[in-house]
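Letters go in sequence order (proteins before strands), and every chain restarts at 1.
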Amino acid sequence: MPPYYITTAIDYTNAAPHIGHAYEKVLADVMARYQRLVGREVYFLTGVDQHGQKVQKSADKAGLSPQAFVDGVTEHFTALWTKLGVCYDGWAATTDDKHKRVVQAMLQRLHDEGQLYKQTYKGSYSVRAEQFLTDKERGEDGNFGEEWGEVVELEEDNWYFRMSPHIEWLKDFIRSHPQFIFPAHRANDVLNALENFGSMDLCISRPIERLTWGIPLPFDPRFVNYVWFDALANYLSFAGYMAEEAGNTTMPDFSSLWPAAAQVIGKDILIPAHAVYWPIMLRALGFSDEQMPQLIVHGWWNLKGGKISKSLGNVIDPNALADTFGPDGLRYYLMHDIATGYDADFSDERILMAYNKELGGGLGNLLNRTLKMANNYRQGRIATGTYDDDINAALRQTVADAEAAYPAKMESWAIHHGIDEAWKIVTAANGFIEQTAPFKLAKDESAGPRLDSVLHHLAEAIAHVTVLLQPIMPTMCERIREQLGWALPAGFQLKDLHWGMLPAGHQLGEGVPLFPRVEVAV
RNA sequence: CGCGGGAUAGAGCAGCCCGGUAGCUCGUCAGGCUCAUAACCUGGAGGUCAUUGGUUCAAAUCCAAUUCCCGCAACCA
């Protein structure tokens, strides 16, 4: 089985990361961890898009060189990923020389093959916005509004990429490959957009008089590349594409990674960038239909009602949320309260509830009460014995059912449903305690064997939960296992789950609350 | 008639693809328990599954129409 190559959009280093950036990276990280859990080799690539006019302007404003400016902003991203446990294998920074060389090699090749051409464009140019204006920017009266400042007629040469010859192919490809875009309904959006696309080619350059902060065109030094062959190409360059031509060493083996199994992006950059430009770029470079990647298009976190709690601070700052609820608390919320591909409303009340009621009251409390009883009654030692009954069997069945249903949910990006499966075990185990009342069994000498079996079932069930939730809450699952006195054996895979992972005589640890209640006046 | 998404208990949502007693989290009310992070368990109240029509023995689920909300292209996940 080939490695699982998963990418995310690379974030534009013009401002600090917000909740949406965090969601996308955590989503990809959860899938990467899940794939590792099922034993697959994973290459997880994420990074930052550092070139462009906005960066150049922001850097000027801050009195920094563009590189110094992006380095500073980039640190906010890398620090957040470290904090949130986003564990990537490759870091795609577009100012990386390795990347620049590949982009130049790609462009040179397309140029040599006649897929690029130079043309003069004449139009209305806003000096203030530093961009050409189209009819869309015209106001009701047909003139450009004051917000554009001085508008002049300007003539400018630029390089273009021939996209028109591929538009019909793309339509056919999308229709015949429903797997290309997930969720499927987004494909209709793309096809609809393509109908109005005409025969537009893509402008891929800016003259250096206007933009210097970019990758120079190798065949025409008076221009730098503009956006797409820089930003989108990261998925190729950092996977080892054209490494030899570019003189890059120690790169991944491209042939084994491509096509990417999942390219996780937001719905805003599907059209036209990822669903139009990107596949056409790939095709122009010679990739076949079978070598097209799969796009995973996620929705947005909206702030409905704009209700922001002062006591929580700026509620959409992922750093503040991670400080309050822990990195894994935030990861849990971000994965649980949204269906992949759809939008959700961010709610500070909901994250507080998810943390206190579900993580604290549900999972955390289950662990804590189990360990307390085991330590009080049995010095934390597991005894398996021969006692069994229907109540025990029912709990084992719940565990088995959840583990049977879990993989399909995760594979299909229904992360919230995967979590639900794990939670069925948590709920059943809490109910199991009420049914069996180990605290009563402890007072009855003759009930000793049953008490042993009850405590064993609880500890074992929790161990199973930590495996299912491992991709979502890696740190907390490990902490739980520490308290259980148990660790995942080296090379452990999902299929290695079985009843009896905690052997007779196993020594449990001490219970310390892992999700201490957060008290906030919302 | 541009396209797409949504409409399910007080709130937020799942279920819809593959029709068969309407489910989850929270809130609320009443009990229970006492091992536990003021937590846990049980039960109740609360829903004409937006509307209308169709297919069917049977529709939240399939089909058709209607209404209302939310998005929709350039450097913003």
* To do: May I have the distance from Asp345(A) (atom CG) to rC69(B) (atom C1'), rounded to whole angstrom?
  => 12 Å
* **Contact under 4.0 Å: His298(A) side-chain N or O vs rA77(B) OP1/OP2** => no
* Asked: Going by 5.5 Å between centroids and 30° between planes, is there a stack of Tyr23(A) over rA77(B)?
  -> no
* Whole Å only: how far is the CH2 atom of Trp228(A) from the C1' atom of rC75(B)? -> 6 Å
* To do: Output all residues satisfying side chain to side chain donor-acceptor pair (under 3.5 Å) with Tyr23(A), sequence neighbours left out; order by chain, then residue number.
  => none
* Quick one: list whatever passes ring pair (Phe, Tyr, Trp, His ring centres under 6.0 Å) with Tyr12(A), sequence neighbours left out. => none
* To do: Would you classify Gly361(A) as touching base, sugar-phosphate or nothing, given that sugar-phosphate means primed atoms plus P, OP1 and OP2, and contacts are heavy atoms under 4.0 Å?
  => sugar-phosphate
* Give the minimum heavy-atom separation between Ile6(A) and Ala28(A), together with the two atoms involved. => CD1-O, 3.6 Å
* To do: List in chain and number order the residues that pass side chain to side chain donor-acceptor pair (under 3.5 Å) with Glu434(A), two or more places apart in sequence or in another chain; answer none if no residue qualifies.
  => Arg369(A)
* Rounding to a whole Å, what distance do you find between Asp343(A):CG and rC72(B):P? -> 10 Å
* **Distance in angstrom units between Asp348(A) CG and rA11(B) C1', rounded** => 14 Å
* **Residues which pass ring pair (Phe, Tyr, Trp, His ring centres under 6.0 Å) with His336(A), listed by chain and number, not counting sequence neighbours** => Tyr332(A)
* Asked: Could you state the NZ-C1' distance from Lys443(A) to rC35(B), rounded to the nearest angstrom?
  -> 9 Å
* Less than 3.5 Å between a donor and an acceptor, one on the side chain of Tyr12(A) and one on the base of rA77(B), is that the case here? -> no
* To do: Tell whether Asn365(A) reaches the base of rA36(B) with its side chain through a donor-acceptor pair below 3.5 angstrom.
  => yes
* Asked: When you check the phosphate oxygens OP1 and OP2 of rC76(B), does a side-chain N or O of Lys267(A) lie under 4.0 Å from one of them?
  -> no
* To do: Produce a footprint string for nucleotides 20-32 of chain B: one letter per nucleotide, 5' end first; B if the base is under 4.0 Å from any protein heavy atom, S if only the sugar-phosphate is, - if neither.
  => -----SS-----B
* Can you list the residues that meet the side chain to side chain donor-acceptor pair (under 3.5 Å) rule with Glu510(A), with sequence neighbours excluded? -> none
Which atom pairs, donor and acceptor, lie under 3.5 Å between side-chain atoms of residues 203-211 of chain A and protein residues at least two apart or in another chain?
residue	atom	partner	partner atom	Å
Ser205(A)	OG	Asn158(A)	OD1	2.5
Ser205(A)	OG	Trp159(A)	N	2.8
Arg210(A)	NE	Tyr125(A)	OH	3.2
Arg210(A)	NH1	Glu156(A)	OE1	3.1
Arg210(A)	NH1	Glu156(A)	OE2	2.7
Arg210(A)	NH2	Glu130(A)	O	3.4

* Structure fact -> The side chain to side chain contact (heavy atoms under 4.5 Å, CB included) partners of Pro216(A) (sequence neighbours excluded) come to Gln104(A)
List, with names and distances, any nitrogen or oxygen atoms from the protein found under 3.5 Å away from nitrogen or oxygen atoms belonging to nucleotides 42-44 of chain B.
none

* Under 4.0 Å between any heavy atoms, over every strand shown, what does Lys440(A) touch: base, sugar-phosphate, or nothing? Just pick one. => sugar-phosphate
* To do: With pairs defined as Watson-Crick or G-U wobble and both distances under 3.5 angstrom, please note down RNA chain B as a dot-bracket string, | for pairing with another strand.
  => .(((((((.[[[[.)....(..]]]].(((((.......))))).....[[[[[..)....]]]]])))))).....
* Annotated protein contacts, base or backbone, on nucleotides 2-8 of chain B with a non-hydrogen cut-off under 4.0 Å, one of B, S, - each -> -SSSS--
* Structure fact -> side chain to side chain donor-acceptor pair (under 3.5 Å) filter on Arg331(A), not counting sequence neighbours, yields Asp29(A)
